[in-house]
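In what follows, a structure is listed as structure tokens, so that the remarks can point back to it.
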Amino acid sequence: MFLTRFRVNSARSGARRLLSSPQAMHAAVMSSFPTLLPTDEPSSGGPRVLWRLDHTSRAEVMLYIVSPGRPDLTHLVEQAGWPAAAAADPAEPGWQSRPYGPLLDRLATGDRWAFRLTANPVHQARRKDDEPTKRTAHLTPVHQMGWLLKRQETCGFRVLEKADDKRLLPSGTTRTKQPHPGDRYELTVRDKRALAFDKSRGTAAQGGRRAPVSLVTVTFDGRLEITDPQLLRRALTEGIGKAKAYGCGLLTLAPLGTTR
């Protein structure tokens, strides 16, 4: 496994095109692996290619990729990076890739880490009793936070809780009688984005375009404690939740006290 970081040059038109379309960015990421064909489906129950965009400021966008193989991002440097700088220094091709195995191997029960996750929090809901359920996005921070908290055990971690004297908001229930934790956890929900785009079919003979894809994404920042290293390794390499092809599901860790 490899963890790769690429800084997107948001001043370039190619970068703006990629940033405006999760479909285009997904295609660009998958083109980084010579052995992967466009028709290949991700393996079920195993490591896969995951990616995420971190908008650290208006002019600073970082692309992170976790993958079973080492990527070649030459085409991304040409479209959305600094190709002249990369050509001037062969030792710095315009991205950084590091083996992910050493980090995965050192994970141990009780270790504490800062984490970041961009996800697509959804649930099954119906408007009427006689209608089938439909995948629906969680829209409020309380429900989005609850979505992640329900998955922490199966993902091998627990989100750390604040000390009682550090809590500013009490827990309680929402107007729909659902529990909410107040600010009990060391967890924030930010950068909510509502995305809508067309998903093209493989060929025009297959019927042109599918119905537009719409999804809601949010970014979680917080602190966790490892409860099951093997389950956490699986979450780190297979992703969490839906919409993994569109920049969701990649969980990354950082030592406590550091910034990304």
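The figures that follow rest on heavy atoms only: side chains count, while hydrogens, waters and symmetry mates do not. Nothing here was measured: the structure is a model prediction, and the numbers come from that model.
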key: Heavy atoms of other groups near Q96 CD, more than 12 under 6.0 Å   = yes

For N9 and G81 the tightest heavy-atom approach is ND2-O, 3.2 Å

Interatomic distance, OG@S67 vs CE@M30, rounded to 0.5 Å, equals 9.5 Å

Between R158 and E161, the two heavy atoms sitting closest are NH1-N, 4.3 Å

Review point. Within the distance-only criterion (no hydrogens, no angle test), does the side chain of D228 pair as donor or acceptor with the backbone N or O of G156 below 3.5 angstrom?
Key: no

Query raised in the report: Hey, does C248 have a side-chain heavy atom less than 4.5 Å from the side chain of W51?
Result: no

Treating Ile, Leu, Val, Met, Phe, Trp and Tyr as nodes and any side-chain heavy-atom pair under 4.5 angstrom as an edge, say whether F2 and L53 lie in one connected cluster. no

- [ ] Using a 4.5 Å cut-off on heavy atoms from C-beta on, say whether the side chain of R12 contacts that of P83.
- [x] yes

Trace of the side-chain contact (heavy atoms from CB on, under 4.5 Å) decision for V8 with L76 = CA-CA 9 Å; V8 180; L76 275 174; over 6 Å; no

Are I240 and L231 linked, directly or through intermediate hydrophobic residues, by side-chain heavy-atom contacts shorter than 4.5 Å (ILVMFWY only)?
no

Would you please test R5 and R98 for side-chain contact (heavy atoms from CB on, under 4.5 Å) and show each step?
CA-CA 9 Å; R5 184 178 69 175; R98 300 288 185 271; over 6 Å; no

Tell me whether H26 contacts the main-chain N or O of Y246 through its side chain, where contact means a donor paired with an acceptor under 3.5 Å.
no

- Find out if a path of hydrophobic residues (ILVMFWY) with successive side-chain heavy-atom gaps under 4.5 Å connects L232 to L160. no

- Could you tell me whether the side chain of V49 reaches within less than 4.5 Å of the side chain of V66, counting heavy atoms only? no

Could you walk me through whether V77 and W82 pass the side-chain contact (heavy atoms from CB on, under 4.5 Å) check?
-> CA-CA 6 Å; V77 174; W82 285 265; 5.8 Å; no

message = Can you confirm whether T188 sits close enough to F220 that some side-chain heavy atom of one is under 4.5 Å from a side-chain heavy atom of the other?
response = no

CZ of F157 to CZ of F115, rounded to nearest 0.5 Å, is 5.5 Å

All heavy atoms of P93 vs all of A86, minimum pair found to be O-CB, 3.3 Å

Minimal heavy-atom distance between A15 and S10, with the atoms involved, is CB-CA, 4.2 Å

Worksheet entry | Any donor-acceptor N/O pair, H75 side chain to A28 backbone, under 3.5 Å | yes

Do NZ/NE/NH1/NH2 and the carboxylate oxygens of E186 and K162 come within less than 4.0 Å? no

Residue set satisfying side-chain contact (heavy atoms from CB on, under 4.5 Å) with T237, at least two apart, ordered chain then number -> M1, P47, L104

- Please tell me if the side chains of V159 and R223 come closer than 4.5 Å, counting only heavy atoms from C-beta onward. no

Quick note, salt bridge (charged side-chain N to carboxylate O under 4.0 Å, His left out) partners involving residues 66-80, not counting sequence neighbours, are none

What do you reckon, is CZ of R106 surrounded by more than 12 foreign heavy atoms closer than 6.0 Å? no

Closest heavy-atom pair, G14 versus A80, reported as atoms and distance to 0.1 Å, is C-CB, 4.5 Å

Can you find a heavy atom in the side chain of V218 that is under 4.5 Å from one in the side chain of P121? yes

CG (L250) and CZ (R116) are apart, to the nearest 0.5 Å, by 11.0 Å

Taking the side chain as C-beta and beyond, is there a heavy-atom pair between L63 and W95 under 4.5 Å?
no

- Item | Worked check of side-chain contact (heavy atoms from CB on, under 4.5 Å) between Q79 and R17 | CA-CA 10 Å; Q79 295 177 50; R17 182 183 67 84; 3.4 Å; yes

Looking only at heavy atoms, the pair that brings S97 and T4 closest together is OG-OG1, 2.7 Å

**Prompt:** If you draw a 6.0 Å radius around CZ in R16, do more than 12 non-hydrogen atoms from other residues or ligands fall strictly inside?
**Reply:** yes

| request: Tell me yes or no: between the side chains of T217 and T118, is some donor less than 3.5 Å from an acceptor? | output: no

To the nearest 0.5 Å, atom CG of L50 lies from atom OG1 of T252 at 11.0 Å

### Query
Is it true that a side-chain atom of R151 and a backbone atom of W147 form a donor plus acceptor pair closer than 3.5 Å?
yes

Q. Are any side-chain N or O atoms of S21 and backbone N or O atoms of L18, one a donor and one an acceptor, separated by less than 3.5 Å?
A. no

Output for pair (D54 CG, D221 CG), nearest 0.5 Å, gives 8.0 Å

CG (L117) and OG1 (T219) are apart, to the nearest 0.5 Å, by 8.0 Å

Kindly indicate whether the side chain of V61, heavy atoms from C-beta on, has any atom under 4.5 Å from the side chain of T56.
no

